[in-house]
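In what follows, a single structure is set out as structure tokens and then discussed.
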Amino acid sequence: MSPDPQAIRQRLRLSLLDWYDKAARDLPWRVAPADRQRGHAPDPYHVWLSEIMLQQTTVVTVKPYFETFLRKFPRLEDLASAPLDQVLGLWAGLGYYARARNLHAGAKALASRSTFPRDVAGLLEIPGIGPYTAAAVAAIAFDQPVVPVDGNVERVLSRLWKIDQALPAAKPVFRTQAAKLADPHRPGDFAQALMDLGAGVCTPRKPNCLICPLQDLCQAYQADEAESYPKKQSKKAKPRRFGWAYVIVTPDGLVVRRRPDRGLLGGMLEIPGSAWHDDPTQATFAPPHWLGLEHRWVYGENIRHVFTHFDLQVCVAATRILHRIELPDHQVLALSETGAAALPRVMRKIIDSGLEALKAHQGG
DNA sequence: TATCCGTGGAC
DNA sequence: TGTCCAAGGAT
């Protein structure tokens, strides 16, 4: 007699929700399962904001940013009416800066509506919300019976059903399997339970199968192959690129400029510098011509930084100039204001390197 | 479908 | 040092 798939899925839901009731993580954007069952609903704004921040980003990293955003923008309308540059400044360091621009556009779109969209179709119309986030918000904020499919859910499913097709090509398979699992009674908790399981038990490396509530259902565990799932397609090697950056300190502060609002570090501030070349011999010391030639440069520690699809190595030169300057396409940022500025991490590294070099050479 | 898009932590 | 990859979306 073959096992009934419906019955297996029902056992899975009960086991996972029972585990979640005891083991749910306490997260600032989450309503605890006990409170949820007493009728406490999460704030859709909080759920949406957290989900945007959590795209490809760990909980530990997101927490302080989430707290800061809620403090600065307690309501959706506060975020919608904020200047974009403030949003970029508060987002600085979190990465994937298109998310910050989409968050701001999304806030405007949401605030212009009479109600927060409650279903996947409505949510998909909001900038920055794709299939995963639409399902996550629909399930968590509104208890719609859908299952968001993220890396955690893919990993859990691949092991449960021992799915051999490789990601990302097999994503449709996972979405089909996930949809079958939707819990009709507690969709929001079920979605969060899957993610907690993936984050804390069914981890990429050394999964803790011995405490897993789904152990008796897991086909990969039974084959002693949990760690070899999910199957993934091999990735291309990352190239390394090279460039120069020029940290220029004037009496009023640092010379910076705004990057184009699309593409790498879109809309963020940067330190003037060369293009980033694949060929290191093309990255030569060539400070901005508008500075003139008589400047004395000091050299900071080279910076290395890892982007998604290339590694970057930047040589840092720094100089202090005694006169004020006005330049088209540049602005001067007071040193006291770099903290709140829209400076991505790589630029902060460059600034630190340059300022350190200037300090080391002072009076020397 | 494939590529582009940050950052930090674990191993 | 290298490698993986984390609650993905836009194009």
Side-chain angles (χ1 to χ4, degrees), chain A residues 25 27-30 46-66 88 91-103 105-106 123-141 146-156 167-172 174-175 178 188 190-200 202-206 227 230 232-241 259-268 270 303-313 342-349:
Chain A
R25 286 177 291 179
L27 301 173
W29 47 85
R30 172 177 287 180
H46 296 187
V47 174
W48 165 70
L49 175 61
S50 70
E51 289 299 340
I52 300 296
M53 290 183 163
L54 286 162
Q55 290 166 3
Q56 297 289 284
T57 310
T58 58
V59 164
V60 172
T61 303
V62 163
K63 268 185 182 172
Y65 284 86
F66 178 82
L88 292 176
W91 194 278
L94 198 50
Y96 283 130
Y97 298 99
R99 291 186 297 169
R101 300 193 299 278
N102 287 333
L103 178 76
L123 288 160
L124 280 172
E125 295 174 9
I126 306 301
I129 295 187
Y132 162 76
T133 306
V137 174
I140 297 170
V146 292
V147 178
V149 181
D150 68 335
N152 288 310
V153 176
E154 287 173 345
R155 186 169 56 256
V156 171
L167 289 165
K171 276 180 180 290
F174 288 84
R175 297 188 65 176
F190 185 71
Q192 294 176 97
L194 276 173
M195 295 174 202
D196 279 20
L197 188 76
C202 195
T203 48
R205 280 166 301 204
K206 298 199 182 302
E227 198 163 4
K232 296 209 168 181
Q233 295 170 196
S234 56
K235 296 176 182 173
K236 293 195 307 185
K238 274 186 195 183
R240 176 166 291 170
R241 294 181 183 164
R259 290 179 63 90
D261 61 8
R262 293 184 177 278
L264 185 70
L265 308 177
M268 303 294 283
E270 70 172 355
I303 291 307
R304 288 194 173 185
H305 193 77
V306 180
F307 290 104
T308 309
H309 54 294
F310 65 95
D311 288 0
L312 179 65
Q313 189 169 325
L343 285 162
R345 194 73 73 199
V346 61
M347 295 301 157
R348 292 175 189 271
K349 288 188 194 173

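Remember, it's a predicted structure, so these values are computed and weren't measured experimentally.
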For a side chain to side chain contact (heavy atoms under 4.5 Å, CB included) with A:Met53, tell me which candidate from A:Phe66, A:Trp48, A:Tyr96 qualifies. A:Phe66
Donor-acceptor check, side chain of A:Arg304 to backbone of A:Asp311, threshold 3.5 angstrom: yes or no? no
Where the side chain of A:Arg240 meets the backbone of A:Gln313, is there a donor-acceptor pair that is under 3.5 Å apart? no
Name the first nucleotide and the last nucleotide along DNA chain B (5' to 3') that come under 4.0 Å of a heavy atom in chain A. B:dT3 to B:dA10
Neighbour count >12 (heavy atoms, 6.0 Å) for atom CZ, A:Arg175: no
Short side-chain donor-acceptor distance under 3.5 Å, A:Arg30 and A:Gln192: yes
Find which nucleotide of DNA chain B each of A:Gln233 and A:Tyr97 is nearest to by heavy atoms, and output the residue with the more 5' nucleotide. A:Gln233
5'-most contact on DNA chain B (nearest-nucleotide basis), A:Val60 vs A:His309, goes to A:His309
Using side-chain heavy atoms (C-beta onward) and a distance below 4.5 Å, is A:Leu49 in contact with A:Leu103? yes
For B:dC11 versus C:dA7, give the span between their P atoms, rounded off to a whole number of Å. 15 Å
When you compare B:dG6 with C:dT11, how far apart are their P atoms, in angstrom units rounded to a whole number? 14 Å
Reading nucleotides 4-11 of chain C from 5' to 3' and marking B where a protein heavy atom lies under 4.0 Å of the base, S where only the sugar-phosphate is that close, and - otherwise, the string is -SBBBSSS
Assign A:Leu265 to base, sugar-phosphate, or nothing according to its heavy-atom contacts below 4.0 angstrom with the strands shown. sugar-phosphate
Please step through ring-ring contact (aromatic ring centres under 6.0 Å, His included) for the pair A:His305 and A:Phe307, ending with a clear verdict. CA-CA 7 Å; A:His305 193 77; A:Phe307 290 104; 4.9 Å; yes
On a heavy-atom basis, which atom in A:Arg155 and which in A:Pro230 lie closest, and how many Å separate them? CG-CD, 3.7 Å
